Trainee: 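Pasting in a structure now, in C-alpha cells, and then I'll have a few things to ask.
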Amino acid sequence: MNLDERTLPMSDTQPPTDPAGVHPPHLYPPYKSSVLRSPTQPLMPVAELLRDRSMPAFGESALRPFDNDLTRNARINGEPIGERIKVMGRVLDDRGRPLPNVLIEIWQANSAGRYVHKAEIHDAPLDPNFLGGGRVLSGADGSYSFYTIKPGAYPWGNHYNAWRPNHIHFSVIGPQFEHRLITQMYFPGDPLFAYDPIFQSTPQHARELMVATFRIDWTEPEFALAYQFDIVLNGRRSTPFE
C-alpha cells in the first residue's frame, strides 16, 4: 500500500446505513471504536410515559464564575495560548421553539491539539492556563455563549496518518429524554473533513448541521472571532449525535 492509498479521502465511499435520518449508525467500521462500542443486542424502546416525563431542571446554582469563559476559568499565570473565539447559538426544539435552562457543557483540546486527560497520548504541549472545559445554562430565549480558544487538530491513531478536524465536544441536557445530546461542533472549511471517519459517519445531508457558521457581525474587534452553532434537539433538523 502506498502513501496515497492510505490517505485517500473516505467521503461518500462508505455511506451510512440510515440515509433518511440525521444520526450516524451505531456501527461504522471505518471509525474503529464503533466496532467495540456498537450495541450487540436490540435497543430497548423508551416508554412514551417516560419520554414525556420531565427530568430535574438545572438552575444557576449549577454554575460557577467564568464557567462559560474557558479563557479565564483555568488561568494560573497568564492568558491561554491560541486564537480567542466566541461560540454562540440557541438551543431549540423541532418546531424552532427556544429551550431555556438547558445545561450545555463543552470540552476540547487546546490550541496545540492536546487534551488535559490522563489517557492523552499526543505529545503536543499542555497549556497551564487552559483546562478545556466549561458549562452554561441556556437563557429564556434558548441562547448560550462561550469564550474559548480555537482547538487544534491532533492525531488519534484510528488509521494511518489519522487527524481529527478542529472540533469542540458538546453535551446537552434538557428537561426530557429527547433533550439529551452529545455531539461535536466543527469549523467551516476544515480540509480534514474528507479524511475523518467520525465526521463521515454522519449522513452526508446532515453534516452541515455540525458545522458552525462564521459570524463577522458577532466578532469582538481586537478580541475574538465568533461562530454561531444552533442546537436542535429533535426532529428532521436535529443536531446529529457524535
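A quick note: this is a predicted structure, and the numbers were derived from the prediction, not measured.
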Trainee: Does any pair with a residue in residues 128-144 pass salt bridge (charged side-chain N to carboxylate O under 4.0 Å, His left out), and if so which ones, sequence neighbours excluded?
Mentor: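 Those involving residues 128-144 are Glu105-Arg135.
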Trainee: Check whether any side-chain heavy atom of Leu181 sits under 4.5 Å from a side-chain heavy atom of Thr239, and report yes or no.
Mentor: yes
Trainee: Under a 4.5 Å side-chain heavy-atom rule over Ile, Leu, Val, Met, Phe, Trp and Tyr, are Leu126 and Leu131 clustered together?
Mentor: yes
Trainee: On a heavy-atom basis, which atom in Gly21 and which in Pro203 lie closest, and how many Å separate them?
Mentor: O-CG, 3.5 Å
Trainee: Who pairs with Phe241 by ring pair (Phe, Tyr, Trp, His ring centres under 6.0 Å), at least two apart in sequence or on another chain?
Mentor: His23
Trainee: Taking all non-hydrogen atoms of both residues into account, name the closest pair between Ala124 and Ala112 and its distance.
Mentor: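 Closest pair (atom of Ala124, atom of Ala112, distance): CB-O, 3.4 Å.
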Trainee: Do Gln228 and Arg90 meet the criterion of a side-chain donor-acceptor pair at a distance under 3.5 Å?
Mentor: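 Gln228 vs Arg90: no donor-acceptor pair found between side chains.
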Trainee: Is there a side-chain contact between Asn110 and Ile149, using heavy atoms and a 4.5 Å cut-off?
Mentor: no
Trainee: What pairs of residues pass the salt bridge (charged side-chain N to carboxylate O under 4.0 Å, His left out) test when at least one of them lies in residues 112-133, not counting sequence neighbours?
Mentor: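 Of all non-adjacent pairs touching residues 112-133, none passes salt bridge (charged side-chain N to carboxylate O under 4.0 Å, His left out).
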Trainee: Going by ring pair (Phe, Tyr, Trp, His ring centres under 6.0 Å), name the residues that satisfy it together with Trp156, two or more places apart in sequence or in a different chain.
Mentor: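 Once residues adjacent in sequence are excluded, the partners of Trp156 under the ring pair (Phe, Tyr, Trp, His ring centres under 6.0 Å) criterion are Tyr31.
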Trainee: Could you tell me which residues satisfy side-chain hydrogen bond (donor to acceptor under 3.5 Å, both in side chains) with Arg95, sequence neighbours excluded, listed by chain and number?
Mentor: none
Trainee: Identify the heavy atoms of Thr71 and Pro80 that sit nearest to each other, and give their distance.
Mentor: O-CD, 3.3 Å
Trainee: Measure from the side-chain N and O atoms of Arg237 to the backbone N and O of Asp94, and report whether any donor-acceptor pair falls under 3.5 Å.
Mentor: no
Trainee: Please examine the side chains of Pro29 and Leu27, heavy atoms only from C-beta on, and report whether any two atoms are closer than 4.5 Å.
Mentor: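 Answer yes - side chains close enough.
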Trainee: With the side chain counted from C-beta on, respond yes when Ser171 and Ile104 share a heavy-atom pair under 4.5 Å apart, and no when they do not.
Mentor: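 No. Closest side-chain heavy atoms not under 4.5 Å.
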Trainee: For Asn73 and Asp67, does a side-chain donor sit closer than 3.5 Å to a side-chain acceptor?
Mentor: no
Trainee: Taking the ring of His167 and the ring of Phe193, is the distance between their centroids below 6.0 Å?
Mentor: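 Ring centroids of Phe193 and His167 are no less than 6.0 Å from each other.
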Trainee: Under 3.5 Å, is there a donor-acceptor pair between the side chain of Asp93 and the main chain of Arg97?
Mentor: yes
Trainee: For residues Ala140 and Pro100, report the shortest heavy-atom separation together with the two atoms involved.
Mentor: CA-CB, 3.8 Å
Trainee: Please report the shortest heavy-atom distance between Gly152 and Ala109, naming the atom on each side.
Mentor: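 Looking at all heavy atoms of both residues, the closest pair is O-CB, 4.4 Å.
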Trainee: Taking only residues two or more places apart in sequence or in another chain, which ones pass ring pair (Phe, Tyr, Trp, His ring centres under 6.0 Å) with Tyr147?
Mentor: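 In terms of ring pair (Phe, Tyr, Trp, His ring centres under 6.0 Å), with neighbours along the sequence ignored, Tyr147 is linked to Phe223.
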Trainee: Can you list every pair that meets salt bridge (charged side-chain N to carboxylate O under 4.0 Å, His left out) and has a residue in residues 221-233, with sequence neighbours left out?
Mentor: none
Trainee: Determine whether Thr202 and Val22 satisfy the following criterion, side chain to side chain contact (heavy atoms under 4.5 Å, CB included), listing intermediate values before the conclusion.
Mentor: CA-CA 7 Å; Thr202 300; Val22 298; 6.0 Å; no
Trainee: Between Leu92 and Leu233, does the side chain to side chain contact (heavy atoms under 4.5 Å, CB included) criterion hold? Intermediate values first, please.
Mentor: CA-CA 6 Å; Leu92 307 166; Leu233 292 182; over 6 Å; no
Trainee: Is the shortest heavy-atom distance from the side chain of Val87 to the side chain of Ile168 under 4.5 Å?
Mentor: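 Val87 reaches Ile168 side chain to side chain.
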Trainee: Please list all pairs meeting side chain to side chain donor-acceptor pair (under 3.5 Å) that have one or both residues in residues 182-191, counting only residues at least two apart or in different chains.
Mentor: Arg164-Gln184, Arg164-Tyr186, Gln184-Tyr186, Gln184-Glu242
Trainee: Considering only residues two or more places apart or on different chains, which pairs with a residue in residues 72-83 satisfy salt bridge (charged side-chain N to carboxylate O under 4.0 Å, His left out)?
Mentor: Arg75-Glu79, Glu79-Arg84
Trainee: Do the side chain of Lys86 and the main chain of Ala224 share a donor and acceptor less than 3.5 angstrom apart?
Mentor: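 No, the answer is negative, given that no donor and acceptor are paired below the 3.5 Å cut-off.
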Trainee: What residue pairs, at least two apart or across chains, pass ring pair (Phe, Tyr, Trp, His ring centres under 6.0 Å) with a residue in residues 68-109?
Mentor: Trp107-His169
Trainee: Please report the shortest heavy-atom distance between Pro197 and Tyr195, naming the atom on each side.
Mentor: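 For Pro197 and Tyr195, the tightest heavy-atom pair comes out as CD-O, 3.5 Å.
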Trainee: Do Ile231 and Tyr144 have side chains that approach each other closer than 4.5 Å (heavy atoms only, starting at C-beta)?
Mentor: yes
Trainee: Same hydrophobic cluster for Phe229 and Phe146, using side-chain heavy-atom links shorter than 4.5 Å among ILVMFWY?
Mentor: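 Per the 4.5 Å side-chain linkage, Phe229 and Phe146 are co-clustered.
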Trainee: Answer yes or no: is there a side-chain heavy-atom contact under 4.5 Å between Leu70 and Ile106?
Mentor: yes
Trainee: Among residues at least two apart in sequence or on other chains, which ones pass ring pair (Phe, Tyr, Trp, His ring centres under 6.0 Å) with Tyr227?
Mentor: Phe187, Phe214
Trainee: Over 60° means perpendicular and under 30° means parallel, so tell me whether His122 and Trp163 are parallel, tilted or perpendicular.
Mentor: perpendicular
Trainee: State whether the side chain of Ser111 and the backbone N or O of Ile81 hold a donor-acceptor pair below 3.5 Å, judged by distance alone.
Mentor: yes
Trainee: What ring pair (Phe, Tyr, Trp, His ring centres under 6.0 Å) pairs are there with at least one residue in residues 69-104, not counting sequence neighbours?
Mentor: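 As it turns out, there is no ring pair (Phe, Tyr, Trp, His ring centres under 6.0 Å) pair with a partner in residues 69-104 once direct neighbours are skipped.
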Trainee: For the side chain of Ser138 and the backbone of Ser143, is there at least one donor-acceptor N/O pair under 3.5 Å apart?
Mentor: no
Trainee: In the single-linkage hydrophobic clustering (I, L, V, M, F, W, Y; side-chain heavy atoms under 4.5 Å), do Tyr115 and Phe130 co-cluster?
Mentor: no
Trainee: Just so I know, are the side chains of Asn77 and Asn129 near enough to count as touching, which here means a heavy-atom distance under 4.5 Å?
Mentor: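 The answer is yes, as the side chains (C-beta and beyond) meet within the 4.5 Å cut-off.
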